[in-house]
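A, B, ... follow the sequence lines: proteins, then strands. Residue 1 opens every chain.
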Amino acid sequence: EHLHTQNLSIPPGAHVQYTFPPLFFYKPNLWWPNGMGKQSLYNVEITVEVKGFGESDSWSHLFGFRKIESYIDNATGGRLFKVNGHPVFIRGGNWILSDGLLRLSKKRYKTDIKFHADMNFNMLRCWGGGIAERPEFYHYCDIYGLLVWQEFWITGDCDGRGIPVSNPNGPLDHDLFMLCSRDTIKLLRNHPSLALWVGGNEQTPPDDINTALKNDLKLHPYFQSLSETRNAL
Amino acid sequence: MAVIGKTRLDSGWLAARSTEVNLTGVQLTTTHPPTGPSSPWMQAAVPGTVLGTLLKNNLVPDPFYGLENEAIIDIADSGREYYTFWFFTTFQCKLSGSEHVDLNFRAINYSAEVYLNGHKNVLPKGMFRRHSLDVTDILHPNGQNMLAVLVHPPDHPGKIPPEGGQGGDHEIGKDVAAQYVEGWDWMAPIRDRNTGIWDEVSLSVTGPVKISDPHLVSSFFDNYKRAYLHTTTELENRSAWVAECLLNIQVTTELEGRICLV
């Protein structure tokens, strides 16, 4: 039941988007943060074969079944997290980046991230003055169960709250900022450890950017309706 | 016939400061390629930054030790061209009839010009964006290809005030780039502002149809007993005829212990 094949005709030069029928899983092994259970991962593989050519392209990614919710707690003003319906006590650490000369390697990421998991952390916060972390970073967070809070590239100091106050309207090119954001979201969005996108560090992005980010990142209406259906059920 | 799939280009790169190379990108990738790590060319760390390459060749002290960072000239004092670098490599790739190949840069800081076998492409600004060039038609017929990339630093590298401070003079905030590079209360400024081909470079060979950016989403019911995997993908037919495709999705789980799936 975890295999589906679909015939498709694609016109010459066309760029299309295709959605598979949903694949059903009964009692899947769920992905849990460090300290709450196993980080069960499934390998999802997509291939496309073309008549008269054979296999034309393939793609694969480790995927974890989990549902992450978070909301601001009115009593404390803090953000509360739930994973698979269970509240999580967040033991988080700041993450700037692996190396100031960007000598980023799988080996280094594995060591750094396992180190944090061994210290009993269950979240890493990628600070807005650093980088959008790389797929290899997220891969090991998937494996070791570290939830990731990923900030976009806005900081209070450089974007309107520093001394001297500078760039109150953020970067010069907002379209470029949104293009980079959208491409980064596509690069990282399938990792089960990705728990939260955050506009910036100690600063809200300029209104147009903030509105666009919120709009791009809200749950697709299809899944919104699904979750409402679920509640109805 | 090239093998379908991705090949990383992470070895055999050379680099040189742009002001020390009197050739154009067209000449570098046709008639006058560098022959090896002889001045002004040096072995390069790709993926990596300009400073990482200079350190690899012992041309700067290691900024992580003592006050050595003070001995490295800051881009504000040297000017952007001092950290504008050429990166050069060659690669073998020979396609059959209906194969296509993309040259992918997963991240470049901050903008670049790419020359492949004498053909120029511009990689627009932005530290956090992927670039993918369909180079099928500009591969060399003999399969031996020459690639040169001229990488430019961020537009606003800024200047570090004598008192330092968080984000220096904040000029870097005008660009879409990492801001820590002007220094923060916990670290010294990075002299080249992390200029370079800082993430993986790869070639991806496909047939006529290419898969892009699949999106995986799960939904749960009955207290997580019932789950669905929703998958959307982009597909591109780069041939001149209708492609009759068979699209497969398969989900397998890592197996417990020593159980093997036959």
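Annotation: maximal heavy-atom pairing with chain A below 4.5 Å, among Ile249(B), Asn194(B), Leu246(B), occurs at Ile249(B). Contact tally against chain A (heavy-atom pairs below 4.5 Å) for Ile172(B), Val50(B), Asp192(B), Thr232(B): the top residue is Thr232(B). Residue with the most contacts toward chain B among Val48(A), Ile163(A), Asp159(A): Val48(A) (heavy-atom pairs, distance under 4.5 Å). Residue with the most contacts toward chain A among Tyr180(B), Phe128(B), Phe64(B): Phe128(B) (heavy-atom pairs, distance under 4.5 Å). Ranked by heavy-atom pairs under 4.5 Å with chain B, the first of Thr184(A), Ile96(A), Leu62(A) is Ile96(A). Contact count against chain A (heavy-atom pairs under 4.5 Å) is highest for Glu236(B) among Lys125(B), Glu171(B), Arg238(B), Glu236(B). Interface summary for chain A: among Asp155(B), Thr231(B), Thr49(B), Leu55(B), the most heavy-atom pairs under 4.5 angstrom belong to Thr231(B). Between chain A and the options Gly167(B), Gly52(B), Ser239(B), heavy-atom pairs under 4.5 Å are most frequent for Ser239(B). For chain B, the option among Thr47(A), Val44(A), Thr5(A) with the highest count of heavy-atom pairs below 4.5 Å is Thr47(A). Counting heavy-atom pairs under 4.5 Å between each of Gly156(A), Pro135(A), Gly64(A), Ser105(A) and chain B puts Pro135(A) at the top.
The closest side-chain heavy-atom distance from Arg134(A) to Trp198(B) is below 4.5 Å. Between Trp184(B) and Trp127(A), the closest side-chain pair of non-hydrogen atoms falls below 4.5 Å. A heavy-atom distance below 4.5 Å is found between the side chains of Pro214(B) and Trp59(A).
The main-chain N or O of Thr206(B) is never found under 3.5 Å from a side-chain atom of Asp57(A) such that the two would form a donor-acceptor pair. Distance alone, capped at 3.5 Å, is enough to place a donor-acceptor pair between the His170(B) side chain and the Asp157(A) backbone. Between the side chain of Arg66(A) and the backbone N or O of Ser218(B) there is no donor-acceptor pair closer than 3.5 Å. When atom types are taken as modelled, the side chain of Asn237(B) and the backbone of Pro11(A) share a donor-acceptor pair closer than 3.5 angstrom.
For Pro63(B), the part lying near chain A is the side chain, with the backbone staying farther off; criterion is any non-hydrogen pair under 4.5 Å. When heavy atoms are compared at a cutoff of 4.5 Å, Phe63(A) approaches chain B solely by way of its side chain, counted from C-beta outward. In this structure, chain A has a heavy atom under 4.5 Å from the side chain of Glu200(B), while its backbone stays farther away. When heavy atoms are compared at a cutoff of 4.5 Å, Ala45(B) does not approach chain A at all. In this structure, the portion of Asp175(B) lying under 4.5 Å from any heavy atom of chain A is its backbone and not its side chain. Using a 4.5 Å cut-off between heavy atoms, His156(B) touches chain A through its side chain atoms alone.
Between Asn248(B) and the options Glu49(A), Glu45(A), His4(A), a side chain to side chain contact (heavy atoms under 4.5 Å, CB included) holds for only Glu49(A).
Under a 4.0 Å N-O distance rule, the pair Arg129(B)/Asp183(A) does not qualify as a salt bridge.
Counted by atom type alone, Asn43(A) and Gln250(B) present zero donor-acceptor pairs between their side chains at under 3.5 Å.
Rounding to the nearest 0.5 angstrom, the gap separating the SG atom in Cys245(B) from the CG atom in Asn7(A) is 9.0 Å.
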